[in-house]
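A short write-up of the structure that comes next.
Being a predicted model, the structure only gives us computed values, none of them experimental.
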Amino acid sequence: QVQLVESGGGLVQAGGSLRLSCTASGITFSRHAMGWFRQVSGKEREFVAAITWAGGNSYYEDSVKSRFTISRDNAKNTVYLQMNSLKPEDTAVYYCAASMSLVRVRTTPDYWGQGTQVTVSS
């Protein structure tokens with residue numbers, strides 16, 4: 001059974017930082033590209049960031065470039081999202097995602113976590 005478990009969400013003031021973690025089980029983690037998405041209530045889930053299998057390349061949605069950093073530790077089966085200079089518009093439920101395909105992990109991942117709430121106050 002595949003499980004992606006996110007943690008690290010919470011309430012932070014604008015300009016602050018949070019680090020999200022996602023630990024995977026039930027998959028060969030090093031063979032999966034990993035990603036993060038976010039969703040605001042009433043809106044579609046949107047791509048935030050993705051990272052390749054060994055972590056050599058990463059991709060970001062334009063609005064988070066230079067503020068967010070995705071990384072992974074294959075020894076711990078964990079992917080991270082470091083979020084700096086947070087803005088109120090970053091408020092959303094953040095979801096971890098996995099796929100063996102880099103294209104799919106950025107569009108229609110095979111696996112999803114349950115989500116963690118991030119709230120940025122102004």
Side-chain angles (χ1 to χ4, degrees):
Q1 180 183 359
V2 177
Q3 282 193 310
L4 303 178
V5 180
E6 301 100 333
S7 61
L11 174 64
V12 64
Q13 289 189 331
S17 298
L18 281 176
R19 188 175 83 153
L20 306 183
S21 299
C22 169
T23 299
S25 60
I27 60 172
T28 304
F29 186 74
S30 61
R31 294 184 180 178
H32 284 73
M34 299 298 296
W36 288 95
F37 286 68
R38 65 186 180 187
Q39 187 171 24
V40 176
S41 180
K43 295 188 176 181
E44 290 191 359
R45 197 170 295 187
E46 66 172 6
F47 169 76
V48 174
I51 190 167
T52 52
W53 307 266
N57 289 290
S58 55
Y59 306 86
Y60 298 92
E61 190 271 329
D62 285 347
S63 70
V64 308
K65 283 180 181 176
S66 78
R67 299 189 299 121
F68 290 10
T69 302
I70 188 170
S71 62
R72 65 189 294 160
D73 185 339
N74 285 353
K76 295 182 178 180
N77 285 7
T78 300
V79 62
Y80 305 96
L81 186 67
Q82 178 67 44
M83 304 185 294
N84 299 328
S85 303
L86 282 161
K87 304 175 181 180
E89 51 264 43
D90 294 318
T91 295
V93 177
Y94 282 72
Y95 295 90
C96 177
S99 177
M100 295 184 75
S101 162
L102 180 60
V103 171
R104 287 180 62 83
V105 85
R106 298 170 66 178
T107 56
T108 53
D110 298 314
Y111 306 107
W112 292 98
Q114 83 288 350
T116 186
Q117 176 71 47
V118 171
T119 302
V120 184
S121 63
S122 56

Under 3.5 Å donor-acceptor pairs involving side-chain atoms of residues 76-83, not counting sequence neighbours:
unit_1: Thr78; atom_1: OG1; unit_2: Thr23; atom_2: OG1; d: 3.1
unit_1: Thr78; atom_1: OG1; unit_2: Lys76; atom_2: O; d: 2.8
unit_1: Gln82; atom_1: NE2; unit_2: Asn84; atom_2: OD1; d: 2.9

Can you pull the ring pair (Phe, Tyr, Trp, His ring centres under 6.0 Å) pairs that have at least one residue in residues 98-122, sequence neighbours excluded?
-> Phe37-Trp112

If you look only at pairs with a residue in residues 1-35, which of them pass as a ring pair (Phe, Tyr, Trp, His ring centres under 6.0 Å), with sequence neighbours excluded?
-> none

What distance do Lys87 atom NZ and Ser122 atom OG have between them, rounded to the nearest 0.5 Å?
-> 14.0 Å

Value for CH2 (Trp36) from CZ (Phe68), rounded to nearest 0.5 Å, stands at 11.0 Å

Quick check: is [Y] connected to [X] through a chain of hydrophobic side chains (ILVMFWY, heavy atoms under 4.5 Å apart)?
X     : Y      : result
Val48 : Val105 : no
Trp53 : Tyr59  : yes
Ile70 : Val64  : yes

Closest non-hydrogen atom pair between [X] and [Y], with its separation:
X     : Y     : result
Ala92 : Val40 : CB-CG2, 4.0 Å
Asn74 : Ala54 : ND2-CA, 4.2 Å
Ile27 : Ala98 : CD1-CB, 4.2 Å
Gly8  : Leu18 : O-CD2, 3.8 Å
Met34 : Cys96 : CE-SG, 3.7 Å

Residues forming a salt bridge (Lys or Arg N to Asp or Glu O under 4.0 Å) with Arg104, sequence neighbours excluded = Asp110

Please name all residues satisfying salt bridge (Lys or Arg N to Asp or Glu O under 4.0 Å) with Glu61, sequence neighbours left out, ordered by chain then number.
-> none

Of all residues at least two apart in sequence or in a different chain, which pass the side-chain contact (heavy atoms from CB on, under 4.5 Å) check with Val120?
-> Val12, Ala14, Leu86, Pro88, Asp90, Thr91, Val118

[Y] backbone acceptor or donor facing [X] side chain under 3.5 Å:
X      : Y      : value
Arg67  : Ser63  : yes
Arg106 : Ala49  : no
Tyr60  : Ser66  : no
Ser99  : Ser101 : yes

Can Glu6 and Gln114 be said to form a side chain to side chain donor-acceptor pair (under 3.5 Å), step by step?
-> CA-CA 7 Å; Glu6 301 100 333; Gln114 83 288 350; 3.3 Å; yes

Which one of Asn57, Ile51, Thr52 satisfies the side chain to side chain contact (heavy atoms under 4.5 Å, CB included) criterion with Leu102?
-> Thr52

Is it the case that Arg38 places NZ or CZ above or below the six-membered ring of Tyr94, under 6.0 angstrom from the centre and within 45 degrees of the axis?
-> no

